[in-house]
Number of protein chains: 2
Amino acid sequence: MVSSSLRPLRADAARNRELLLAAAEEEFAERGLSASIADIARRAGIAKGTVFRHFASKEELIASIVCGHLATLADVARRLTDAGDPGAALLEFLTVAADQRRQHDLTFLQSVSEGDSRVTEVRDELYAGIGALVDRAHAAGTIRSDVTATDVFLLMCAPVHVVENLANPAPELWKRYLAIIFDGLRPEGATPLPQPAPARP
Amino acid sequence: MVSSSLRPLRADAARNRELLLAAAEEEFAERGLSASIADIARRAGIAKGTVFRHFASKEELIASIVCGHLATLADVARRLTDAGDPGAALLEFLTVAADQRRQHDLTFLQSVSEGDSRVTEVRDELYAGIGALVDRAHAAGTIRSDVTATDVFLLMCAPVHVVENLANPAPELWKRYLAIIFDGLRPEGATPLPQPAPARP
DNA sequence: AGACAACATGACCGGACGGTCATGTTGCTC
DNA sequence: GAGCAACATGACCGTCCGGTCATGTTGTCT
């Protein structure tokens, strides 16, 4: 979203960078991780060599995309922390997160950019935001007390993933599974969990 | 599991076929879809050309693996249909299914082998088995009435998928998320679902 | 307007991959 | 045990991909 380089980019370079990121996002969403740099460059209307001027490697390009998505989600979480109903806020966050994933499923990119320092940094921000939402939902009694922020973080993209096993899913089918999973997070009729919550990612 | 060819394989060929399938399964689980035929052959202790004697293409090899897994699951479902408690039987099925996926996550192979006729055939069997389990659970009132066999089919591998977003998950952490999701399937405290169930896959 | 650094370009490289095939080997049948 | 079809082998082919670099182009600053 923001380019935090010291020297500002030249006008054409900045424009190309945005075109490139947008094209890469679409190409990855359509072709998966094996989308080629050449195809991405063609889609962006720039030459292949230019890609490597902006990003040292394919991995770095992926990390930048993931960073942008995580930052957007962190922003959403932050904004929703002040919302009225804590339970509704958490559900709204999960809805926005799933909808983002539906548009461009980039979950498979996340494992690639695991080592990147910028990614882990933004992810920590997102994690903090989710933590605040979960705390408030706990206090309001909307979700069961044995569910943690890490649980929510991990379950975030599950609805979309579930739907992707279908060839032609209805565009909003993921909402069905988000509802089912969210019901599993509610205190009513909750069964004791067989395993302790994992440490934060 | 069974090789339904007309002419029986020669002894060495049959042995190599099994070695090959086992090696491919491990290699795909470790390296993902991009595992190479050469690596698979090396792991099986056979030559690369031999792979293509048994399977016309990489896709066909994948389809055979997926077939075996689906057949195993269909068998489990069939056996559990006669079990005592319908609710426990369904939970047990989901547990076995998730555990199988944990050992060798091959979900990503499923989309590749979408067009294969053998795969769709075995998948239909599995689907029928799940249908029977769900019907009995409905009758016993263990799961909410608006949940279908397709829902269960789709949610089957969700617990394992959720956990895979973690770098070093505890080996049985998936049971935590299976418990949460299964709680979402229970009638107690169920919220109306916002989307209709999809048609069978 | 001139002049330079920043930027864009696409031919090119090394390597890896899926798949083929001529040649050599081996299990089965009589 | 002879003979043959089934099978195994690995060198080889065409293709594609990530990444490099010498050369040409353009924004920007004075």
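Chain naming here is simple, since letters A, B, ... match the order of the sequence lines and numbering starts at 1 in each. The basis for the numbers below is simple: all heavy atoms, side chains too, and nothing from hydrogens, waters or symmetry mates.
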Student check: side-chain heavy atoms of B:Arg144 and A:Asp183 closer than 4.5 Å: yes
Extract all donor-acceptor atom pairs below 3.5 Å that involve side chains of residues 156-170 of chain B and protein atoms in other chains or at least two apart in sequence.
none

B:Arg31 CZ to C:dG18 P, straight-line distance once rounded to whole Å: 13 Å
Sugar-phosphate, base or nothing in reach of B:Ala35, heavy atoms under 4.0 Å: sugar-phosphate
With sequence neighbours excluded, residues passing side chain to side chain contact (heavy atoms under 4.5 Å, CB included) with B:Asp116: B:Ala63, B:Arg118, B:Val119
Rounded interatomic separation in angstrom, taking CZ from A:Arg17 and C1' from C:dA8: 16 Å
Residue list, side chain to side chain contact (heavy atoms under 4.5 Å, CB included) with B:Thr50, at least two apart or on another chain: B:Ile46, B:Ala47, B:His54
Spacing between A:Glu27 atom CD and D:dG18 atom P, to the nearest angstrom: 11 Å
Check: A:Ser36 main-chain N/O paired with A:Asp39 side-chain donor or acceptor under 3.5 Å: no
All pairs passing salt bridge (Lys or Arg N to Asp or Glu O under 4.0 Å) where residues 83-99 of chain B contributes a residue, at least two apart: B:Asp99-B:Arg102
Axis-to-axis angle between the two ends of the helix from C:dA1-D:dT30 to C:dC30-D:dG1 (five base pairs per end, rounded to 10 degrees): 20°
Euclidean distance, atom CD1 of residue B:Ile37 to atom C1' of C:dT20 [Å, nearest integer]: 14 Å
Nucleic acid contacts of residues 54-62 of chain A, taken as heavy-atom distances under 4.0 Å to DNA chain D: A:Ser57, A:Lys58
Sequence-distant partners of A:Glu30, side chain to side chain contact (heavy atoms under 4.5 Å, CB included), two or more places apart: A:Arg43
Of residues 45-53 of chain B, the positions that come close to DNA chain D - non-hydrogen atoms, cut-off under 4.0 Å: B:Ile46, B:Ala47, B:Gly49, B:Thr50, B:Arg53
d(CZ, A:Arg15; C1', C:dA6) in whole Å: 15 Å
N/O (side chain, B:Asn16) to phosphate O (OP1/OP2, D:dA8) under 4.0 Å: yes
d(CD1, B:Ile40; C1', C:dA16) in whole Å: 15 Å
B:His138 vs B:Ile143 side-chain heavy atoms within contact, under 4.5 Å: yes
Nucleotides 22-30 of chain D: protein proximity per nucleotide (B base, S sugar-phosphate only, - neither; heavy atom, under 4.0 Å): ----BSS--
Distance-only check: which donor-acceptor pairs under 3.5 Å involve side-chain atoms of residues 73-81 of chain A, not counting sequence neighbours?
from: A:Asp75; atom 1: OD1; to: A:Arg78; atom 2: NH1; distance (Å): 2.9
from: A:Asp75; atom 1: OD2; to: A:Arg79; atom 2: NH2; distance (Å): 3.1
from: A:Arg78; atom 1: NH2; to: A:Glu125; atom 2: OE1; distance (Å): 3.2
from: A:Thr81; atom 1: OG1; to: A:Ala77; atom 2: O; distance (Å): 2.9
from: A:Thr81; atom 1: OG1; to: A:Arg78; atom 2: O; distance (Å): 3.3

Between B:His69 and B:Glu25, a side-chain donor and acceptor under 3.5 Å: yes
Counterpart residues, side chain to side chain contact (heavy atoms under 4.5 Å, CB included), relative to A:Ala149 (two or more places apart): A:Tyr127, A:Ile130, A:Val134
Contact check, side chains of B:Thr95 and B:Phe182, non-hydrogen atoms, under 4.5 Å: no
Within residues 188-201 of chain A or reaching into it, pairs that qualify as salt bridge (Lys or Arg N to Asp or Glu O under 4.0 Å) - sequence neighbours excluded: A:Asp124-A:Arg200
